[in-house]
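Comments concern the structure below.
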Protein chains: 2
Amino acid sequence: MTRQAPTLEDVAREAGVSRATVSRVVNGIRNVDPAIQAAVRGAIERTGYAPNRAARSLVTRRAETIALVVSGAGDDSESEQNLFAARVLADPFFGRVVSGVVGFLRPRSMYPVLMFAETGAARRDVVAYLRQGSADGALIFSTHAGDPLPAMLAEESLPCVLFGRPALPAPVSYVDLAHRDGARLAAEHLLARGCRRVATITGPLDLPAAQERLTGFQDTMARHGHPYVLSAEGGFTADSGASAMAGLLAGHADIDGVFAANDLMAQGVCRTLHESGRRVPDDVAVIGFDDSSPAYDCRPPLTTVRQPMEEMAAAMARLLQEQIEGGRTRPTSVIFDAELVVRASA
Amino acid sequence: MTRQAPTLEDVAREAGVSRATVSRVVNGIRNVDPAIQAAVRGAIERTGYAPNRAARSLVTRRAETIALVVSGAGDDSESEQNLFAARVLADPFFGRVVSGVVGFLRPRSMYPVLMFAETGAARRDVVAYLRQGSADGALIFSTHAGDPLPAMLAEESLPCVLFGRPALPAPVSYVDLAHRDGARLAAEHLLARGCRRVATITGPLDLPAAQERLTGFQDTMARHGHPYVLSAEGGFTADSGASAMAGLLAGHADIDGVFAANDLMAQGVCRTLHESGRRVPDDVAVIGFDDSSPAYDCRPPLTTVRQPMEEMAAAMARLLQEQIEGGRTRPTSVIFDAELVVRASA
DNA sequence: TTGAAAGCGCTAACAC
DNA sequence: GTGTTAGCGCTTTCAA
């Protein structure tokens with residue numbers, strides 16, 4: 001930054017027109033004489049002009065930026081903010097989410113600001129960030145049921161869209177999956193394979209998604225003459241899946257089918273099964289959920305219920321954009337369908 | 001946003017002082033009478049004032065934002081921009097990087113803007129983004145040797161810091177690891193275990209880091225009487241590690257020690273070894289590099305060369321900050337030490 | 001179709 | 001220690 005960056009004024013002088021005209025050309029507004037338009041473009045080229053974002057934002061009242069926030073439910077005492085970020089990023093789920101968001105934003109020359117909000121202070125920072133106009137809205141990914149952030153944003157009428165129905169009711173828009181149907185697909189597939197003794201490893205049951213996957217699975221099994229389904233609660237991590245499976249196996253050695261509420265846990269399940277000398281899928285069929293990278297990294301590759309994460313994330317961004325542009329509109333929700341992806345594990 | 005957001009003016013009126021005074025209080029500048037300070041704080045509280053970022057940036061000429069960019073070396077024809085993002089995020093390496101960056105930024109109330117620059121157009125967008133003042137500088141993580149972005153930024157004197165020495169020489173600051181030393185630690189450990197027939201699986205050899213890990217390993221082996229080391233080039237992915245190992249094994253069934261240039265490949269190596277009926281570490285000892293999540297997710301957990309990623313990423317952010325604040329200073333580099341983490345695989 | 005001019009909300013001299 | 005004032009670079013009426 002040795003020399004001062006050229007401004008609209010400089011370009012105007014160079015092109016022999018007014019600032020307003022240059023502004024019109026830059027913003028692609030019609031009603032500008034083609035000749036002048038060319039002159040202006042030439043001047044922009046020559047001066048190496050780049051519009052100043054802050055100045056534009058000041059008048060348009062738009063940051064043209066959105067925040068991608070991953071929030072937890074910790075309180076201020078917790079100083080593990082960083083571990084939280086690392087843990088979230090380690091979840092393969094996240095890569096697909098970012099990919100979907102970026103896919104929507106990039107064509108619009110926008111880039112997401114990454115925020116992790118595990119503590120109360122961090123959540124207040126998110127609210128402040130939006131109130132300052134640093135971002136026009138937020139895409140929220142809650143990792144815990146007790147997350148107060150959605151309500152905080154709704155309270156201030158700050159534009160936001162959640163991934164998944166909020167566990168704590170709040171008047172906000174969200175994008176979700178038909179979890180029950182997804183679980184049903186898994187149940188039917190296990191049944192069709194001839195599994196007679198099935199179990200499910202659930203996610204944290206205070207999360208609506210985990211609850212619905214369980215319910216959908218149980219209901220379908222019940223409808224097919226299996227009123228009771230073995231189950232154990234996991235934490236959506238591979239280790240939790242592995243130990244939940246070990247626990248189940250200890251009491252029920254004859255399990256021949258398992259539905260894990262996400263791929264990471266299914267991966268853990270496979271590990272435990274393998275260590276106990278059982279073959280997948282011959283001895284025990286395993287189905288995961290999400291269709292994220294562990295699904296195909298797993299040996300054997302996992303049969304899983306696909307959640308169209310990229311599309312869902314893109315839909316969130318679209319909804320947010322509409323909310324930002326349209327001013328106050330009431331909350332909406334978009335529900336996507338799940339799909340069974342059959343690989344080797346079941 | 002029903003009612004207009006309160007401005008400095010409103011707070012000033014409410015507190016019965018001038019805008020300047022309110023500004024001083026907000027920015028924590030001394031020389032403000034404690035009583036007035038309290039009055040102003042009260043007014044801020046009552047009005048619910050939040051400073052407008054754009055207005056501030058306009059005058060301070062600081063966005064107080066930095067870009068975290070992951071760049072590749074693709075050209076414009078490539079339309080796989082999204083896959084690129086997903087692939088990068090899937091790499092466990094990335095979570096630690098973000099964690100380190102966020103750890104440095106958060107206390108300063110800053111958040112990184114995430115950008116993926118795999119195509120030429122995307123790289124130009126990164127440059128434009130910085131030139132517009134949307135971000136004050138960039139943290140660059142190149143995934144390919146031919147990445148032209150560093151040079152592009154240097155050309156425009158835009159503040160940036162790279163992760164790793166640039167493969168294409170460019171006058172930019174960077175933070176790196178003493179790769180050679182790290183590889184030496186791995187070699188010595190394998191030797192100390194009594195391995196006689198060792199092999200190494202390298203990363204893409206056009207990357208300086210991969211090259212140095214190989215050189216460091218070979219040199220140490222040579223110094224200990226092993227002038228020739230078997231090697232195969234991988235692509236830093238688990239699959240590439242698995243197949244490189246299979247290839248090596250085909251020609252040399254007696255391999256008893258392997259050094260993989262990253263954990264992901266080491267994981268693939270373990271998989272291949274396991275499938276070939278060999279035990280790790282009894283039949284073959286395996287050492288990885290990075291100490292990222294696959295290292296402890298792997299069975300057995302990997303002995304690996306730890307790269308203090310979080311600290312490195314934080315150092316990058318610090319260097320960038322200095323560069324932004326200090327104006328033009330010449331490129332610097334900071335090199336971190338590697339450390340051997342002994343687990344079960346070797 | 002183009003230009004003149006009025007701010008957007010804030011900081012930073014400078015004066016008091 | 002506090003207020004006054006002049007912009008920062010841009011968009012956007014409003015006239016011409």
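Just so it is clear, the values below take in all heavy atoms, side chains as well, and ignore hydrogens, waters and symmetry mates. So you know, we letter chains A, B, ... as the sequences are listed, proteins then strands, and number each from 1.
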| Is a salt bridge present between B/E322 and B/R318, judged by a nitrogen-to-oxygen distance below 4.0 Å? | yes
| message | A/E64: which residues meet the side chain to side chain donor-acceptor pair (under 3.5 Å) condition with it, sequence neighbours left out? | response | none
| task | Could you state the atom-to-atom distance from CZ of B/R131 to C1' of D/dG9 in whole Å? | result | 15 Å
| query | Taking only residues two or more places apart in sequence, or in another chain, which ones meet B/Y111 in a ring-ring contact (aromatic ring centres under 6.0 Å, His included)? | reply | A/Y129
| said: Checking B/L149 against B/V127 for the side chain to side chain contact (heavy atoms under 4.5 Å, CB included) test, could you report, in this order, the C-alpha distance in whole Å, the side-chain angles of both residues, the deciding distance, and whether it holds? | reply: CA-CA 8 Å; B/L149 187 58; B/V127 173; 4.3 Å; yes
| Value in whole Å for how far the C1' atom of D/dG3 lies from CG of B/N31 | 14 Å
| remark: salt bridge (charged side-chain N to carboxylate O under 4.0 Å, His left out) pairs touching residues 97-110 of chain A, sequence neighbours excluded, are A/R106-B/D125
| Partner residues of A/F163 under the ring-ring contact (aromatic ring centres under 6.0 Å, His included) criterion, sequence neighbours left out | A/F93, A/F141
| task | Using the test side chain to side chain donor-acceptor pair (under 3.5 Å), find all partners of B/T143 that sit at least two apart in sequence or belong to another chain. | result | none
| message | Restricting to side chain to side chain donor-acceptor pair (under 3.5 Å), what partner residues turn up for B/E9, sequence neighbours left out? | response | B/R19
| Outermost DNA chain C nucleotides near chain B [under 4.0 Å, heavy atoms] | C/dG9 to C/dA13
| task | State, to the nearest 10°, the angle formed by the axis through the first five base pairs of the helix from C/dT1-D/dA16 to C/dC16-D/dG1 and the axis through its last five. | result | 30°
| query | In residues 44-57 of chain B, which residues come under 4.0 Å of DNA chain D by heavy atom? | reply | none
| field | A/S173 side, atom OG; A/L320 side, atom CG - distance, nearest 0.5 Å | value | 9.0 Å
| A/T65 and A/R53: side chain donor to acceptor below 3.5 Å | yes
| Distance-only polar pair, side chains of B/D10 and B/T47, donor-acceptor under 3.5 Å | no
| What pairs with A/R56 under side chain to side chain donor-acceptor pair (under 3.5 Å), at least two apart in sequence or on another chain? | A/N27
| Rounded to the Å, how far apart are B/I29 CD1 and D/dG1 P? | 13 Å
| field | Rounded distance (Å) that lies between atom C1' of D/dG7 and atom CG of B/L58 | value | 9 Å
| said: Test of understanding: with side chain to side chain contact (heavy atoms under 4.5 Å, CB included), list the residues that count as partners of B/R61, not counting sequence neighbours. | reply: A/Q4
| said: Counting only heavy atoms and a strict 4.0 angstrom limit, can you tell me which residues of residues 6-24 of chain A come near DNA chain C? | reply: A/V17, A/S18, A/R19, A/A20, A/T21, A/R24
